[in-house]
Protein chains: 2
Amino acid sequence: MYTRSDPKETQAGSSAGSRLRDEIENEILTGRLAPGTRLDEVPLAARFGVSRTPIREALMQLSAAGLIDIRPRRGAVVAEIGPERLVEMFAVMAELEAMAGRLAARRHAEADRAALLAALDACRAAAASGDTDAYYYENEKFHHAIYAASYNGFLIEQCNALHRRLKPYRRLQLRVGNRLATSLAEHEAVVEAILAHDGGAAAEALRGHIAIQGERFGDLVASLAGARAGAA
Amino acid sequence: MYTRSDPKETQAGSSAGSRLRDEIENEILTGRLAPGTRLDEVPLAARFGVSRTPIREALMQLSAAGLIDIRPRRGAVVAEIGPERLVEMFAVMAELEAMAGRLAARRHAEADRAALLAALDACRAAAASGDTDAYYYENEKFHHAIYAASYNGFLIEQCNALHRRLKPYRRLQLRVGNRLATSLAEHEAVVEAILAHDGGAAAEALRGHIAIQGERFGDLVASLAGARAGAA
DNA sequence: GACAAGAGTTATGTATACAAGATCGGATCC
DNA sequence: GGATCCGATCTTGTATACATAACTCTTGTC
C-alpha cells in the first residue's frame, strides 16, 4: 500500500537537507510559521546549527512545493494563499480525488477493501467522541486509503502533495458548524460506492465531499480571517 | 490570458539560477540529454562558466519538477520514465484537461472563443501541410488556450507543468500512424463542445483525446523503444 | 582465474569568504 | 513640512575550500 513515505517525486534530499526541509515544512503546516512570515537564512542557519547552504537548499525545496515564495534577492516568505486561490486548489483537489475514487472503485483489491473499512471505522469512532483533532487525523488516513486503492502511482503522488498543502485549511474547515458529522456521512457514501464498484458514484461523492461550494466558501473566508487575527 | 510566463509557482529563480535551469531543462525536454544521463556538477559548472553552487540549485529545481532524479551522495541523472508510469501520467493529464475543458465550456469569454478558434485554425493549417513539427507547436498553443479559458489559475499551472513534462512523449505520439488527422478531428470536437457550453461533452472529448488506451499503449511503447535505440 | 578486500581517487555535501543588489535611515532640497 | 536622493547596512547570490561518502582499480588470496 502506498503511503507518504514513497521516495519518488518527493525526495531529492541531501543528508541534512531533508531533515531541515521537513522541520520547516512542519512549522508551516501546523501554523507555527504564519503566512507572510519572513524566512531569513542566517537566523534559520543559526537555529539549526548549520550553515546557510543547507538552509537555502531546504528553502528552495519548499518553494518548489509551493509552501513558500522566494523572490530573487528579496528573500523567502511563507506563502500567503488567498481565498480565491484556495478555492481553485480545492477544486483541483476535488477532481483528483474524484479520479482516485473512480479508479479505486474499479481496481481495489481485498486489502484495500479492508483498509477502507478500517479507516471508515476509525473516522466513526473519532466523530462519535467529538474529538476534532482525532477526526482530522483519521480523515487523513481515510483519504490516503482511497488514493492507494487507485493504483495509479503518479496520481497518488499528486494527491498526497496537494493534500499536504491543503492540510491546514482542511483542519480549519472541520471546525466550522457541524461539518464533522456531514463529513462522516459523506465518507460512508464514498466507501459504499467504491465497494459497490460504482466509479461514477464514488467520483461524484468525493467531488462533493472536497469541493468548496456555496456557503462553505463563506465559512472558509471566515475561518481564514479568524486564523489570521489569531496569529497576528 | 494566462501563458506559461506566469511567474507564480514556477518561479523561485535566483539571478543566474533560472537561466541555468531553463537551459538544462530544454536539453532534457528536447532529448539532447537522454534519460539516464548522468549530470555531474563540475562539468556542468565548467560548461556554463559558473561555480557548482548555482548548478546545484538548478539541479534541485529540476528534481522538484520531476525531470531528474537526485540520489543523495550519488549524483543526478535525467529521469527515466517507464511506460507504465507514463501511462499513469497521461491518465492524470487527461483528467486535468477534461476539468479544464469542462470549466472552459462554462466560463469562456469572447476573447477565449476567438483564441480557441484561431488556435484550431492554425492546427488545421499545420495538419493540411503535413508538417508534424508545426502541428506539434500549434497543438501546444491550442491546449494552452483551453487551460486559459478555464479561469482556474491553479489548474492552469498544474496543466502547464504536466504538459511540459510530457512534451517529448506527445511529440513521439504524433509521429505514430495517422494520429495527426485523428488529433485534429478530436480538436474540432473539443472546440465545438466548449463553444456550445457543453461541459460534459468537452470533458469527455478531452479525456479521450489525451488518454492512452488500447492500441495507443503499444504505439507508445514502440515509440519509446525506437527513441531509445536512436539515442544510444 | 575469479572474487574479495583495501587504498586511492573522484564527486557530492557543507562551511566560509566574497560580491552585489535591496532596504532603511538621514540629510537636503523644494 | 514633505518628498526625494544618497549612503550605510543588511541580506542574498556566487565562488571557493574543506570533509566525507561512493566508486574504482589494484592486489592478494583461495
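Below, read A as the first sequence line, B as the second, and so on, with proteins coming before strands; counting in each chain starts at 1.
Atom CG of A:D40 and atom P of C:dA22 are 16 Å apart (whole Å). Distance, B:D69 CG to C:dT12 C1': 16 Å, rounded to whole Å. Here D:dT14 presents its P atom at 15 Å from CD of B:E41, a figure rounded to the nearest Å. Atom CD1 in B:I70 sits roughly 16 Å away from atom P in D:dA22 (whole-Å rounding). Following rounding to the nearest Å, B:R71 (CZ) and C:dT12 (P) show an atom-to-atom distance of 11 Å. B:E57 has its CD atom 13 Å from the P atom of D:dT12, to the nearest Å. Counting to the nearest Å, the P atom of C:dG13 and the CZ atom of A:R21 are 15 Å from each other. If you take CZ of A:R38 and P of C:dT23, they are 9 Å apart, rounded to a whole angstrom.
Neither OP1 nor OP2 of C:dT12 sits under 4.0 Å from any side-chain N or O of B:R56. Of the side-chain N and O atoms in A:T53, none sit less than 4.0 angstrom from OP1 or OP2 of C:dT14.
We find that B:E23 and B:R32 are not joined by a salt bridge, their nearest charged nitrogen and carboxylate oxygen being 4.0 Å or further apart. A salt bridge links A:E95 and B:R102; the closest N-O separation between the charged side-chain nitrogens and carboxylate oxygens is under 4.0 Å. Using a 4.0 Å cut-off between a side-chain N of Lys or Arg and a carboxylate O of Asp or Glu, A:R38 and A:E80 do not qualify as a salt bridge.
The residue A:R74 sits close only to the backbone: its heavy atoms come under 4.0 Å of sugar-phosphate atoms, none of a base.
Mapped onto DNA chain C by nearest heavy atom, A:R73 and A:G49 fall at different nucleotides, with A:G49 at the one closer to the 5' end.
Relative to the six-membered ring of A:Y136, A:R171 meets both conditions, a distance below 6.0 Å and an angle of at most 45° to the axis.
With hydrogens and angles ignored, a donor-acceptor pair closer than 3.5 Å exists between the side chain of A:R52 and the base of D:dG13.
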